[in-house]
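Order of appearance sets the numbers: ligands from 1, and atoms from 1 within every ligand. Residue numbers run from 1 in the order of the sequence given.
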Amino acid sequence: MSLNEYLQISDEVKSALNGGKPVVALESTIISHGMPYPRNYETALLLESTVRECNAVPATIAVLNGKIKVGLDNEEIEILASSKNIYKASRRDLPVMVSKKLNAATTVAATMICANLASLKIFATGGIGGVHRNARETYDISADLTELSKTNIAVVSAGVKSILDIGLTLEYLETLGVPVIGFNTDEFPAFFTRESGYKVNYRMDSEKDIADMIRTKWELGLNGGLLIANPVPLEYSMDKDEIQSAINKALKKADELGIKGKEITPFLLSEIKDITSGKSLEANIKLVINNAKLAAGIAAYL
Ligand code: PSU
Ligand code: MN
């Protein structure tokens, strides 16, 4: 089978690509496994409308009935938001999802792969996966990191959550040759908060500078992605101690229940939401919207 039989690009995305209009890829694991229904559905639509308001075209990505879909309609987003039997697909899962004609939400890694198949350049999400705190024993290091080392997509995120070991995640990104750029910040953000105690490699304050650097990387033949770290807006950032205590409680519970592998991130997100009485979810939504805006801004110069 040819690639075109696996890949379905929506008409809106196709005509944007043909017309040279900026396109922003969006992931779907955040919809199916990152937020509860119906806030996940509302957020997915809000992300798409935000990208459109910023004069770019959104391309939400998922696998439906084994087709890699780049650009979804609202009905398809509703399925991803409300169905209970949606797989979480990273790089290793994609061939199974496609050949067995399954429904799957794509992680950052899988979304990068699919976006690249459709020739997209930039992707907005909330937080990427990384090196887990106990990785010395568990070897749990997200495939998002290795994907960033090889697939030519720029990823805008609000950093990583401190459910992960942020320091080790940044070390690993360095080993893999992935540039980490802070937008308007010297410090790498920790998702719910603007500070993590770790610096970014480079700070850039303009969307055009970031786009120039992305283009330069690829023109130099330096394949692989980049991580653009965009801190949560100040008015939505959470109290550091409150979120840290929630994360610690959630990690302890996961450990007691023996949750691991691909289940751990969705479990922790849902626990943290409950412990903070939903406050973490509100911050999560606001920061993803903020990332979609920045991605659309950079896309205009790419
Ligand atoms: N981190 C978050 N929110 C998320 C995810 C990570 O703060 O929704 C999702 C993303 O889709 C990411 C995936 O790609 O979890 C990473 O999963 P794993 O650690 O199993 O690779
Ligand atoms: Mn993992």
Is atom NZ of Lys88 surrounded by more than 12 heavy atoms (other residues, nucleotides or ligands) closer than 6.0 Å?
yes
Decide whether an N or O pair under 3.5 Å exists between Val108 and ligand 1.
yes
Closest approach of any protein heavy atom to [atom], naming residue and atom:
atom	value
atom 21 (O) of ligand 1	Ser142 OG, 2.7 Å
atom 8 (O) of ligand 1	Leu269 CD1, 3.7 Å
atom 6 (C) of ligand 1	Gly127 O, 3.5 Å
atom 9 (C) of ligand 1	Thr29 CG2, 4.0 Å
atom 19 (O) of ligand 1	Thr265 OG1, 3.4 Å

Out of Lys88, Glu27, His132, the nearest non-hydrogen contact to atom 20 (O) of ligand 1 is supplied by Lys88
Any side-chain to backbone donor/acceptor pair from Arg215 onto Tyr301? Under 3.5 Å, distance only.
yes
Correct closest heavy-atom pair for Gly126 and Ile30 would be N-CD1, 4.2 Å
Exercise: do Thr106 and Ser28 side chains pair donor with acceptor under 3.5 Å
yes
Tell me the contacting part of Thr107 for ligand 1: side chain, backbone, both, or neither, using a 4.0 Å heavy-atom threshold, strictly below.
both
Check ligand 1 against [X] and write out every atom of the ligand that is under 4.0 Å from a heavy-atom position of the residue.
X	answer
Phe191	7 (O)
Lys161	2 (C), 3 (N), 7 (O)
Asp144	12 (C), 14 (O), 16 (C)

